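Please read the structure below before turning to the comments.
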Amino acid sequence: MFKAIQIEKTDDGQTVSLKELDENSLPEGDVTIDVAYSTLNFKDGLAITGSSPVVRTWPMVPGIDLAGTVRDSSHGDYKAGDKVVLNGWGVGETHWGGLSQVARLKGDWLVPLPRAFSEKQAMAIGTAGYTAALCVDALIDAGIAPDQGPVLVTGATGGVGSVAIALLKAAGFQVHALTGKTQEAEYLKKLGADDIVDRATMSEKGKPLQKEIWAGVVDTAGSYTLANACAQTKYGGAVASCGLAQGFDLPVTVMPFILRGVRLLGVDSVMAPKERRLKAWDRLGRDLDTSKLEAIGQEIGLADAIDAAGKFMSGDVKGRYIVDVNA
Ligand SMILES: NC(=O)c1ccc[n+]([C@@H]2O[C@H](COP(=O)([O-])OP(=O)(O)OC[C@H]3O[C@@H](n4cnc5c(N)ncnc54)[C@H](OP(=O)(O)O)[C@@H]3O)[C@@H](O)[C@H]2O)c1
(Lines give C-alpha, C1' and ligand atoms only; values in the text may rest on other atoms or scores of the structure.)
Protein backbone atom coordinates (compact mmCIF):
# COMPACT_ATOMS: atom_id res chain seq x y z
CA MET A 1 0.00 0.00 0.00
CA PHE A 2 1.13 3.59 -0.55
CA LYS A 3 -0.25 7.08 -0.04
CA ALA A 4 -1.29 9.34 -2.91
CA ILE A 5 -3.59 12.24 -3.62
CA GLN A 6 -6.41 11.06 -5.83
CA ILE A 7 -8.95 13.03 -7.86
CA GLU A 8 -12.23 11.23 -8.51
CA LYS A 9 -15.03 12.26 -10.82
CA THR A 10 -18.49 12.79 -9.30
CA ASP A 11 -21.88 13.73 -10.75
CA ASP A 12 -21.34 17.39 -9.78
CA GLY A 13 -17.64 17.68 -10.53
CA GLN A 14 -14.79 16.05 -8.65
CA THR A 15 -13.49 15.16 -5.17
CA VAL A 16 -9.87 15.25 -4.06
CA SER A 17 -8.48 13.32 -1.09
CA LEU A 18 -5.40 11.67 0.36
CA LYS A 19 -5.80 7.91 -0.17
CA GLU A 20 -4.10 4.62 0.68
CA LEU A 21 -3.78 2.81 -2.64
CA ASP A 22 -2.79 -0.73 -3.56
CA GLU A 23 0.34 -1.12 -5.70
CA ASN A 24 -1.68 -3.42 -7.99
CA SER A 25 -3.67 -0.35 -9.02
CA LEU A 26 -0.60 1.44 -10.45
CA PRO A 27 -0.81 2.15 -14.20
CA GLU A 28 1.29 0.45 -16.87
CA GLY A 29 4.92 1.39 -17.25
CA ASP A 30 8.42 -0.08 -17.45
CA VAL A 31 9.89 1.79 -14.48
CA THR A 32 8.58 1.85 -10.89
CA ILE A 33 9.82 4.74 -8.76
CA ASP A 34 9.90 5.37 -5.03
CA VAL A 35 9.04 9.05 -5.13
CA ALA A 36 10.94 11.31 -2.72
CA TYR A 37 9.60 14.74 -3.68
CA SER A 38 7.02 16.24 -5.98
CA THR A 39 6.02 19.86 -6.37
CA LEU A 40 3.05 22.03 -7.24
CA ASN A 41 2.72 23.78 -10.56
CA PHE A 42 0.03 26.07 -11.93
CA LYS A 43 -1.31 23.06 -13.86
CA ASP A 44 -1.56 20.99 -10.66
CA GLY A 45 -3.54 23.88 -9.18
CA LEU A 46 -5.95 23.67 -12.12
CA ALA A 47 -6.24 19.87 -11.81
CA ILE A 48 -6.73 19.73 -8.03
CA THR A 49 -9.24 22.59 -7.89
CA GLY A 50 -11.01 21.35 -11.04
CA SER A 51 -11.03 24.89 -12.41
CA SER A 52 -9.89 23.74 -15.86
CA PRO A 53 -10.28 20.35 -17.57
CA VAL A 54 -6.66 19.29 -17.06
CA VAL A 55 -7.49 15.75 -15.90
CA ARG A 56 -8.55 13.55 -18.79
CA THR A 57 -8.71 10.04 -17.25
CA TRP A 58 -10.29 9.12 -13.92
CA PRO A 59 -9.46 8.48 -11.15
CA MET A 60 -6.23 10.50 -11.40
CA VAL A 61 -3.21 10.95 -9.17
CA PRO A 62 -2.12 14.55 -9.91
CA GLY A 63 1.43 15.90 -9.96
CA ILE A 64 3.20 16.70 -13.23
CA ASP A 65 6.66 16.43 -11.60
CA LEU A 66 8.52 13.94 -9.46
CA ALA A 67 12.01 13.04 -8.32
CA GLY A 68 12.88 9.69 -6.79
CA THR A 69 14.76 6.41 -6.94
CA VAL A 70 14.10 3.59 -9.39
CA ARG A 71 12.81 0.52 -7.55
CA ASP A 72 12.26 -1.77 -10.58
CA SER A 73 12.99 -1.29 -14.25
CA SER A 74 12.72 -3.26 -17.47
CA HIS A 75 13.89 -0.18 -19.44
CA GLY A 76 17.44 -0.39 -20.79
CA ASP A 77 18.51 3.07 -19.57
CA TYR A 78 17.52 2.65 -15.91
CA LYS A 79 18.24 0.17 -13.13
CA ALA A 80 17.19 -0.11 -9.47
CA GLY A 81 18.85 2.60 -7.38
CA ASP A 82 19.10 5.22 -10.17
CA LYS A 83 17.92 8.72 -9.24
CA VAL A 84 15.53 10.18 -11.81
CA VAL A 85 13.39 13.22 -12.58
CA LEU A 86 10.11 13.36 -14.47
CA ASN A 87 8.50 16.51 -15.92
CA GLY A 88 5.33 16.49 -17.97
CA TRP A 89 4.49 13.99 -20.74
CA GLY A 90 0.84 14.16 -19.62
CA VAL A 91 1.68 12.72 -16.20
CA GLY A 92 -0.88 14.02 -13.70
CA GLU A 93 -3.29 14.54 -16.63
CA THR A 94 -3.65 11.20 -18.45
CA HIS A 95 -1.21 9.03 -16.44
CA TRP A 96 -0.89 8.85 -12.62
CA GLY A 97 1.54 11.47 -11.37
CA GLY A 98 3.98 12.52 -8.70
CA LEU A 99 1.80 13.46 -5.69
CA SER A 100 2.24 9.88 -4.56
CA GLN A 101 4.77 7.74 -2.70
CA VAL A 102 5.09 5.36 -5.68
CA ALA A 103 4.82 5.97 -9.44
CA ARG A 104 4.97 3.67 -12.46
CA LEU A 105 5.96 5.38 -15.73
CA LYS A 106 7.57 4.96 -19.13
CA GLY A 107 11.36 5.05 -18.87
CA ASP A 108 11.48 7.14 -22.07
CA TRP A 109 9.89 10.00 -20.12
CA LEU A 110 12.62 10.15 -17.46
CA VAL A 111 15.85 12.10 -17.26
CA PRO A 112 18.66 11.26 -14.83
CA LEU A 113 18.70 13.49 -11.73
CA PRO A 114 21.39 16.10 -12.55
CA ARG A 115 24.46 15.65 -10.35
CA ALA A 116 24.21 19.28 -9.21
CA PHE A 117 20.90 18.71 -7.42
CA SER A 118 19.31 16.63 -4.66
CA GLU A 119 15.82 15.26 -5.31
CA LYS A 120 14.40 18.08 -3.19
CA GLN A 121 16.32 20.74 -5.13
CA ALA A 122 15.17 19.24 -8.46
CA MET A 123 11.59 19.64 -7.25
CA ALA A 124 12.23 23.21 -6.06
CA ILE A 125 12.98 23.70 -9.77
CA GLY A 126 10.23 21.42 -11.14
CA THR A 127 8.46 21.90 -14.46
CA ALA A 128 8.33 25.63 -13.76
CA GLY A 129 12.12 25.93 -13.54
CA TYR A 130 12.73 23.52 -16.39
CA THR A 131 10.31 25.59 -18.52
CA ALA A 132 12.20 28.74 -17.52
CA ALA A 133 15.38 27.05 -18.82
CA LEU A 134 13.60 26.12 -22.08
CA CYS A 135 12.60 29.81 -22.47
CA VAL A 136 16.15 31.03 -21.84
CA ASP A 137 17.49 28.44 -24.33
CA ALA A 138 14.88 29.64 -26.88
CA LEU A 139 16.00 33.29 -26.55
CA ILE A 140 19.71 32.47 -26.69
CA ASP A 141 19.25 30.04 -29.60
CA ALA A 142 17.40 32.90 -31.39
CA GLY A 143 20.59 34.97 -31.08
CA ILE A 144 19.53 37.23 -28.20
CA ALA A 145 22.65 38.36 -26.31
CA PRO A 146 23.27 40.58 -23.26
CA ASP A 147 24.82 43.41 -25.33
CA GLN A 148 21.52 43.88 -27.22
CA GLY A 149 19.68 45.34 -24.22
CA PRO A 150 17.64 44.36 -21.17
CA VAL A 151 15.29 41.40 -20.98
CA LEU A 152 11.87 41.32 -19.33
CA VAL A 153 10.45 38.46 -17.25
CA THR A 154 6.68 38.57 -16.62
CA GLY A 155 4.95 36.79 -13.71
CA ALA A 156 8.27 37.37 -11.99
CA THR A 157 7.46 36.03 -8.52
CA GLY A 158 5.94 32.82 -9.96
CA GLY A 159 7.77 29.53 -10.39
CA VAL A 160 8.74 30.07 -14.04
CA GLY A 161 9.51 33.75 -13.52
CA SER A 162 11.69 33.26 -10.43
CA VAL A 163 13.97 30.72 -12.10
CA ALA A 164 14.03 32.64 -15.41
CA ILE A 165 15.36 35.70 -13.57
CA ALA A 166 18.16 33.69 -11.96
CA LEU A 167 19.14 31.95 -15.23
CA LEU A 168 19.07 35.13 -17.34
CA LYS A 169 21.19 36.96 -14.76
CA ALA A 170 23.69 34.08 -14.74
CA ALA A 171 23.83 34.27 -18.57
CA GLY A 172 24.88 37.93 -18.27
CA PHE A 173 21.61 39.73 -19.05
CA GLN A 174 20.22 42.85 -17.41
CA VAL A 175 16.91 41.54 -16.09
CA HIS A 176 13.72 43.51 -15.47
CA ALA A 177 11.01 41.75 -13.43
CA LEU A 178 7.33 42.49 -14.12
CA THR A 179 5.28 41.76 -11.02
CA GLY A 180 1.95 42.42 -9.38
CA LYS A 181 3.74 42.04 -6.02
CA THR A 182 6.03 45.06 -5.95
CA GLN A 183 6.40 44.44 -2.19
CA GLU A 184 8.49 41.40 -3.21
CA ALA A 185 11.16 43.60 -4.83
CA GLU A 186 13.80 42.41 -2.36
CA TYR A 187 13.10 38.72 -3.19
CA LEU A 188 13.30 39.47 -6.93
CA LYS A 189 16.54 41.44 -6.56
CA LYS A 190 18.12 38.59 -4.59
CA LEU A 191 17.26 36.28 -7.49
CA GLY A 192 19.03 38.62 -9.91
CA ALA A 193 16.49 41.26 -11.03
CA ASP A 194 18.09 44.63 -11.78
CA ASP A 195 14.81 46.50 -11.91
CA ILE A 196 11.17 45.93 -10.94
CA VAL A 197 8.27 46.89 -13.23
CA ASP A 198 4.69 47.13 -11.92
CA ARG A 199 2.44 44.57 -13.63
CA ALA A 200 -0.33 47.18 -13.96
CA THR A 201 1.75 49.12 -16.51
CA MET A 202 1.39 46.24 -19.01
CA SER A 203 -1.93 44.60 -18.17
CA GLU A 204 -4.26 46.80 -20.24
CA LYS A 205 -4.68 47.30 -23.97
CA GLY A 206 -1.74 49.34 -25.33
CA LYS A 207 -0.57 50.80 -28.64
CA PRO A 208 0.42 48.34 -31.42
CA LEU A 209 3.98 49.71 -31.42
CA GLN A 210 5.51 51.22 -28.28
CA LYS A 211 8.94 52.49 -27.24
CA GLU A 212 11.55 49.78 -28.01
CA ILE A 213 12.92 48.54 -24.68
CA TRP A 214 13.51 44.77 -24.57
CA ALA A 215 16.03 42.65 -26.46
CA GLY A 216 14.10 39.61 -25.24
CA VAL A 217 11.14 38.65 -23.09
CA VAL A 218 10.17 35.54 -21.11
CA ASP A 219 6.38 35.77 -20.90
CA THR A 220 4.28 33.68 -18.54
CA ALA A 221 1.16 35.87 -18.70
CA GLY A 222 -0.26 35.91 -22.27
CA SER A 223 -3.12 38.32 -23.10
CA TYR A 224 -2.44 42.10 -22.94
CA THR A 225 0.84 41.57 -21.08
CA LEU A 226 2.23 39.52 -23.97
CA ALA A 227 0.77 41.93 -26.54
CA ASN A 228 2.46 44.90 -24.81
CA ALA A 229 5.69 42.94 -24.44
CA CYS A 230 5.75 42.33 -28.23
CA ALA A 231 4.99 46.03 -28.85
CA GLN A 232 7.94 47.03 -26.60
CA THR A 233 10.47 44.56 -28.04
CA LYS A 234 13.38 46.05 -29.95
CA TYR A 235 14.04 45.57 -33.64
CA GLY A 236 15.08 41.91 -34.23
CA GLY A 237 14.28 40.89 -30.65
CA ALA A 238 12.45 37.78 -29.49
CA VAL A 239 9.67 36.93 -27.06
CA ALA A 240 9.43 33.45 -25.54
CA SER A 241 5.79 32.71 -24.69
CA CYS A 242 5.10 29.88 -22.26
CA GLY A 243 2.15 30.86 -20.08
CA LEU A 244 -1.34 32.25 -19.66
CA ALA A 245 -1.43 33.64 -16.10
CA GLN A 246 -3.34 36.70 -17.37
CA GLY A 247 -5.23 34.91 -20.14
CA PHE A 248 -4.92 32.66 -23.19
CA ASP A 249 -5.95 35.38 -25.61
CA LEU A 250 -3.36 37.38 -27.56
CA PRO A 251 -4.75 40.79 -28.56
CA VAL A 252 -1.69 41.80 -30.59
CA THR A 253 -1.27 43.34 -34.06
CA VAL A 254 1.23 42.13 -36.65
CA MET A 255 3.10 45.46 -36.44
CA PRO A 256 5.95 44.32 -34.12
CA PHE A 257 6.53 41.29 -36.37
CA ILE A 258 6.39 42.96 -39.81
CA LEU A 259 7.96 46.33 -38.94
CA ARG A 260 10.53 45.31 -36.31
CA GLY A 261 11.17 41.66 -37.18
CA VAL A 262 10.22 40.66 -33.63
CA ARG A 263 9.98 36.88 -33.24
CA LEU A 264 7.41 35.13 -31.06
CA LEU A 265 8.82 31.82 -29.81
CA GLY A 266 6.38 29.25 -28.44
CA VAL A 267 7.71 27.15 -25.57
CA ASP A 268 6.14 23.84 -24.52
CA SER A 269 7.58 21.73 -21.72
CA VAL A 270 5.12 18.82 -21.73
CA MET A 271 6.07 17.09 -24.99
CA ALA A 272 9.53 18.65 -25.43
CA PRO A 273 11.92 16.05 -26.88
CA LYS A 274 14.53 14.47 -24.63
CA GLU A 275 17.54 16.35 -26.05
CA ARG A 276 15.87 19.70 -25.30
CA ARG A 277 15.10 18.52 -21.76
CA LEU A 278 18.69 17.41 -21.19
CA LYS A 279 19.97 20.77 -22.50
CA ALA A 280 17.59 22.67 -20.19
CA TRP A 281 18.58 20.58 -17.15
CA ASP A 282 22.26 21.12 -18.08
CA ARG A 283 21.70 24.89 -18.02
CA LEU A 284 19.97 24.59 -14.63
CA GLY A 285 22.80 22.42 -13.26
CA ARG A 286 25.44 24.85 -14.54
CA ASP A 287 23.85 28.25 -13.91
CA LEU A 288 21.36 27.97 -11.05
CA ASP A 289 22.90 28.85 -7.73
CA THR A 290 21.43 26.22 -5.39
CA SER A 291 21.44 28.74 -2.51
CA LYS A 292 18.74 30.64 -4.47
CA LEU A 293 16.52 27.56 -4.31
CA GLU A 294 16.21 28.07 -0.55
CA ALA A 295 14.40 31.34 -1.24
CA ILE A 296 12.29 29.91 -4.09
CA GLY A 297 10.97 26.74 -2.43
CA GLN A 298 8.85 26.12 0.67
CA GLU A 299 8.36 22.52 1.78
CA ILE A 300 4.95 21.01 2.57
CA GLY A 301 3.63 17.48 3.23
CA LEU A 302 1.50 15.39 0.85
CA ALA A 303 -1.79 16.15 2.66
CA ASP A 304 -1.08 19.92 2.60
CA ALA A 305 -0.80 19.88 -1.20
CA ILE A 306 -4.59 19.90 -1.63
CA ASP A 307 -5.04 23.27 0.10
CA ALA A 308 -1.85 24.73 -1.32
CA ALA A 309 -2.98 23.93 -4.88
CA GLY A 310 -5.94 26.32 -4.49
CA LYS A 311 -3.58 29.24 -3.89
CA PHE A 312 -2.34 29.10 -7.50
CA MET A 313 -5.75 30.18 -8.68
CA SER A 314 -5.51 33.42 -6.71
CA GLY A 315 -2.07 34.33 -8.17
CA ASP A 316 -0.81 34.64 -4.55
CA VAL A 317 1.98 32.10 -4.74
CA LYS A 318 5.56 33.32 -4.46
CA GLY A 319 8.12 30.82 -5.74
CA ARG A 320 7.37 27.10 -5.41
CA TYR A 321 5.83 24.54 -3.10
CA ILE A 322 8.01 21.43 -2.75
CA VAL A 323 6.04 18.38 -1.62
CA ASP A 324 7.70 15.77 0.62
CA VAL A 325 5.45 12.84 -0.32
CA ASN A 326 6.63 10.83 2.69
CA ALA A 327 5.74 13.52 5.26
N1 LIG B 1 4.38 26.06 -21.72
C2 LIG B 1 4.61 25.19 -20.76
O3 LIG B 1 5.00 24.05 -20.97
C4 LIG B 1 4.44 25.65 -19.34
C5 LIG B 1 5.15 25.06 -18.30
C6 LIG B 1 5.01 25.58 -17.02
C7 LIG B 1 4.15 26.63 -16.77
N8 LIG B 1 3.44 27.14 -17.82
C9 LIG B 1 2.53 28.28 -17.62
O10 LIG B 1 3.32 29.39 -17.23
C11 LIG B 1 2.56 30.22 -16.36
C12 LIG B 1 3.35 30.44 -15.08
O13 LIG B 1 3.51 29.19 -14.40
P14 LIG B 1 4.05 29.18 -12.91
O15 LIG B 1 4.20 27.76 -12.51
O16 LIG B 1 5.18 30.13 -12.80
O17 LIG B 1 2.76 29.78 -12.15
P18 LIG B 1 2.73 30.61 -10.80
O19 LIG B 1 3.81 30.17 -9.88
O20 LIG B 1 1.31 30.61 -10.34
O21 LIG B 1 3.11 32.08 -11.28
C22 LIG B 1 2.31 32.85 -12.11
C23 LIG B 1 2.62 34.30 -11.82
O24 LIG B 1 1.98 35.09 -12.81
C25 LIG B 1 1.68 36.36 -12.26
N26 LIG B 1 0.27 36.65 -12.49
C27 LIG B 1 -0.81 36.18 -11.81
N28 LIG B 1 -1.94 36.70 -12.32
C29 LIG B 1 -1.56 37.52 -13.34
C30 LIG B 1 -2.26 38.36 -14.24
N31 LIG B 1 -3.60 38.49 -14.19
N32 LIG B 1 -1.56 39.07 -15.15
C33 LIG B 1 -0.21 38.97 -15.23
N34 LIG B 1 0.53 38.18 -14.38
C35 LIG B 1 -0.15 37.47 -13.46
C36 LIG B 1 2.00 36.29 -10.76
O37 LIG B 1 3.30 36.83 -10.60
P38 LIG B 1 3.53 38.37 -10.17
O39 LIG B 1 2.63 38.62 -9.00
O40 LIG B 1 4.97 38.44 -9.86
O41 LIG B 1 3.13 39.21 -11.35
C42 LIG B 1 2.07 34.80 -10.50
O43 LIG B 1 2.91 34.51 -9.42
C44 LIG B 1 1.23 29.51 -16.14
O45 LIG B 1 0.28 30.06 -17.02
C46 LIG B 1 1.53 28.07 -16.52
O47 LIG B 1 0.39 27.40 -16.97
C48 LIG B 1 3.56 26.67 -19.08
Side-chain angles (χ1 to χ4, degrees), residues 39-49 51-52 54 63-65 87-93 123-138 152-167 175-189 191 193 196-205 217-229 239-251 264-273 276-277 280 296-298 308-322:
T39 177
L40 288 178
N41 291 277
F42 191 78
K43 197 180 263 176
D44 302 314
L46 294 174
I48 291 172
T49 59
S51 40
S52 184
V54 167
I64 66 170
D65 287 320
N87 307 112
W89 291 115
V91 171
E93 301 176 63
M123 287 298 99
I125 296 165
T127 282
Y130 141 68
T131 303
L134 290 173
C135 290
V136 174
D137 281 344
L152 179 72
V153 176
T154 71
T157 65
V160 177
S162 298
V163 176
I165 291 168
L167 291 179
V175 186
H176 293 230
L178 185 84
T179 183
K181 306 184 194 81
T182 46
Q183 71 278 12
E184 297 293 349
E186 213 38 53
Y187 165 76
L188 293 168
K189 286 192 169 161
L191 287 176
I196 311 298
V197 187
D198 188 336
R199 188 207 285 169
T201 62
M202 292 183 70
S203 60
E204 306 285 335
K205 185 170 188 219
V217 179
V218 171
D219 179 63
T220 65
S223 194
Y224 288 121
T225 305
L226 175 54
N228 286 318
V239 178
S241 158
C242 75
L244 40 61
Q246 183 177 17
F248 64 73
D249 56 326
L250 179 51
L264 185 56
L265 313 170
V267 174
D268 165 62
S269 66
V270 180
M271 304 305 286
R276 215 171 286 164
R277 290 169 186 262
I296 293 173
Q298 50 178 305
K311 298 199 178 147
F312 278 93
M313 302 305 99
S314 61
D316 279 347
V317 176
K318 181 184 95 180
R320 321 251 316 124
Y321 285 113
I322 312 160

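Note that the structure is a prediction, hence the values are computed from the model and not measured. In what follows, every heavy atom counts, from backbone to side chain, and hydrogens, waters and symmetry copies are set aside. Each ligand, and each atom within it, is numbered from 1 in the order the structure gives.
By the 3.5 Å distance cut-off applied to N or O atoms, A128 is not counted among the residues near ligand 1. Taking any N or O of V267, backbone or side chain, at least one lies under 3.5 Å from an N or O belonging to ligand 1. Note: no N/O pair closer than 3.5 Å links R320 and ligand 1 by distance alone. Residue-to-ligand polar distances place S269 within reach of ligand 1: an N/O pair is separated by less than 3.5 Å. Considering backbone and side-chain N/O of T225, none are found under 3.5 Å from N/O of ligand 1. The shortest N or O to N or O distance between T157 and ligand 1 is under 3.5 Å.
Counting atoms of ligand 1 from 1 in the listed order, those under 4.0 Å from a heavy atom of G243 are 9 (C), 10 (O), 11 (C), 45 (O). Interface atoms of ligand 1 facing G180, defined by a heavy-atom separation under 4.0 Å, are 38 (P), 39 (O), 40 (O), 41 (O).
With values rounded to the nearest 0.5 angstrom, K311 atom NZ is found 4.0 Å from Y321 atom OH. Atom NE2 of H176 is separated from atom CG of L152 by 8.5 Å, given to the nearest 0.5 angstrom.
Using a 4.0 Å cut-off between heavy atoms, V160 contacts ligand 1 through both its backbone and its side chain. At a heavy-atom cutoff of 4.0 Å, ligand 1 is contacted by the side chain of R199 but not by its backbone.
Taking D44 as the reference, L40, N41, I64 meet the side-chain contact (heavy atoms from CB on, under 4.5 Å) condition, with sequence neighbours excluded. When the side-chain hydrogen bond (donor to acceptor under 3.5 Å, both in side chains) test is applied to D198, no partner is found at least two apart in sequence or on another chain.
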